[in-house]
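These notes concern the structure reproduced below.
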Amino acid sequence: MTSNKETPLLRVTELSHYYGDQVGCEEINLEVYNGEILGIVGESGSGKTTLLKIISGLLPPTQGTIEFDKRIEGPSDIYQMSEPERRLLMRTDWGIIYQNPKDGLRMNVSAGANVGERLMAVGARNYSYIRAESNDWLNKVEMDLGRIDHFPKTFSGGMLQRLQIARNLITKPRLVFMDEPTSGLDVSVQARLLDLVRGLVNQLGISCVIVSHDLGVMRLLSHRLMVMKSGKVVEQGLTDQVLDDPQAPYTQLLVSSILPI
Amino acid sequence: MKNKLREVLSVNNLKKSFILHNQNSFELPVFYNISFSLSKGECLVLSGSSGTGKSTLLRSIYGNYLTHLGEINIYHNQSWINLVGAPPHLILDVRKQTLGYVSQFLRVIPRISTLDLVAEPLLSRGETEVNSINRAKDILKKLAIPENLWNLPPATFSGGEQQRVNIAITFVRDFPILLLDEPTASLDTKNKQAVIDLIKNAKDKGTAIIGIFHDQSVRDSVGTTIFNIEEAKKAA
């Protein structure tokens with residue numbers, strides 16, 4: 001378990017990003033420790049996705065540093081390293097699960113190839129090994145193995161999302177970014193996916209940063225919660241504390257706006 | 001009577017109030033100047049009428065409610081730490097190893113079977129699957145949850161059954177300190193006795209307990225000390 005002195009896996013310091021005059025996000029500081037799930041909530045346009053893009057290496061920020069604790073070198077600024085170095089990190093130690101699975105999958109190659117691709121990217125060349133690993137992961141995300149040679153365009157939304165998870169986790173990343181992983185799915189599929197994500201994260205000891213506007217999802221998945229409004233962090237703390245005893249005016253409004261079922 | 005060496009928790013001058021920003025920043029005071037200590041094998045019963053802040057006090061100790069003033073010192077990993085102002089991952093570590101909490105309501109991920117829910121805390125602590133499942137079965141048996149329900153998610157269970165599953169999820173581990181918020185509220189006499197036995201058993205093994213029990217019989221059979229919040233407020 002994490003202790004106070006442990007080096008965080010990801011450390012973001014004084015991060016700001018502007019789109020011209022518009023604030024994307026401003027003065028963000030955060031840390032993610034090993035095995036920890038950090039949730040980021042906030043209304044549309046509060047800068048959640050901008051922040052996620054920046055810290056997952058997709059968008060260089062206007063200012064601030066993002067340090068990732070690399071296996072050998074230790075904490076390194078992800079935008080100071082060379083492009084190939086960052087790319088390697090993105091396909092080994094990181095996983096990114098997109099809100100729209102079409103952004104994270106290749107729609108014109110088979111499900112099995114989608115899952116096996118990252119293994120090949122890190123040097124696996126033995127076909128039967130790749131096939132066996134892919135099968136294993138399709139099993140873990142509860143996919144019907146009969147569909148391994150089908151194209152993702154024939155899959156449902158829930159299946160695509162599970163395929164995306166298998167594709168990312170096959171290289172056993174240490175940090176996974178998820179952008180609204182369950183928002184396009186109906187509730188029964190959503191529950192199944194949540195259960196799956198939680199189980200896998202527990203088993204593999206992966207750290208996660210999850211962006212969502214669904215507070216119910218956050219309560220079940222995340223350990224810590226960060227609340228954003230107009231590009232700034234208005235509150236952060238233990239998930240159950242932020243939801244049960246919110247301190248900031250905006251969080252109180254947000255929590256009291258949840259519709260009871 | 002108190003033996004300093006056996007102390008595991010001490011609360012000093014704790015204050016809690018809620019500030020309701022959307023109601024013109026109205027401040028709702030709950031309690032202040034709360035001080036007590038708790039030793040191994042002790043069961044401290046919080047008393048006071050409804051709305052005096054008993055549950056709030058338990059939740060504050062668990063870190064579910066944020067406190068700013070006072071101290072909550074807890075013996076964790078062979079040293080004393082103050083939970084007021086502690087960083088989130090330290091509180092999570094305390095919850096994983098030292099401090100257990102049984103809330104009034106069961107809140108779990110849908111779709112997961114009762115047996116898996118009860119075994120999960122052990123699994124995530126690194127115990128083997130066989131061992132975890134066996135201990136989960138053991139505690140469910142002790143709490144008289146019918147065996148044919150074990151493979152079902154608890155969402156469809158009766159109130160009393162859900163309450164007992166909730167108790168099982170916490171009691172399957174051996175926490176040094178337990179916070180119990182009306183664990184017997186919706187149970188019949190027979191099941192109440194099963195819970196009392198569990199609590200007594202834990203006490204005998206040295207677990208320190210803070211509990212809210214409205215039922216006089218439960219109070220009498222497990223309580224060792226009474227702490228009245230209203231009187232503590234008056235005295236302050």
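As the structure is a prediction and not an experimental result, all values here were calculated from the model. Proteins come first, then strands; the chains are lettered A, B, ... in the order of their sequence lines, and each starts at number 1.
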Discussion item. Sort by residue number and list every residue of residues 238-253 of chain A having at least one heavy atom under 4.5 Å from chain B.
Written reply: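 If one takes a 4.5 Å heavy-atom cut-off, the residues of residues 238-253 of chain A near chain B are Leu238(A), Asp240(A), Gln241(A), Asp244(A), Asp245(A), Gln247(A), Ala248(A), Pro249(A), Gln252(A), Leu253(A).
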Discussion item. Suppose a student defines contact as a heavy atom less than 4.5 Å from any heavy atom of chain A. Which residues in residues 62-78 of chain B would they list?
Written reply: Gly63(B), Asn64(B), Tyr65(B), Leu66(B), His68(B)
Item to complete: Give a yes or no on this: more than 12 heavy atoms of other residues, nucleotides or ligands lie within 6.0 Å of atom NZ of Lys16(B).
Response: yes
Practice prompt. Look at atom CD of Glu73(A) and say whether more than 12 heavy atoms of other residues, nucleotides or ligands are closer to it than 6.0 Å.
Written response: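 Yes.
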Worksheet item: Between Glu27(B) and Ser17(B), is any side-chain donor less than 3.5 angstrom from a side-chain acceptor?
Response: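 Yes.
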Backbone of [Y] reached by a side-chain donor or acceptor of [X] within 3.5 Å:
{"X": "Asn29(A)", "Y": "Glu14(A)", "result": "yes"}
{"X": "Arg174(A)", "Y": "Leu9(A)", "result": "no"}
{"X": "Asn82(B)", "Y": "Val84(B)", "result": "yes"}

Discussion item. Heavy-atom cut-off 4.5 Å, strictly under: side chain, backbone, both or neither for Arg95(B) against chain A?
Written reply: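 Interface part for Arg95(B): side chain.
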Worksheet entry | Cationic tip of Lys70(A) above Phe68(A) ring, under 6.0 Å, 45° of axis |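 So Lys70(A) doesn't make the cation-pi contact.
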Worksheet entry | Salt bridge Arg224(A)-Glu36(A), side-chain N to carboxylate O under 4.0 Å | yes
Discussion item. Check this for me: does any side-chain nitrogen of one of Arg135(B) and Glu127(B) sit under 4.0 Å from a carboxylate oxygen of the other?
Written reply: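 Yes, Arg135(B) and Glu127(B) are salt-bridged.
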Worksheet item: Do the rings of Trp94(A) and Phe177(A) sit parallel, tilted or perpendicular, given the 30° and 60° boundaries?
Response: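 Plane angle over 60°, so perpendicular.
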Discussion item. Please rank Leu221(A), Leu194(A), Asp195(A) by heavy-atom pairs under 4.5 Å with chain B and give me the top one.
Written reply: Asp195(A)
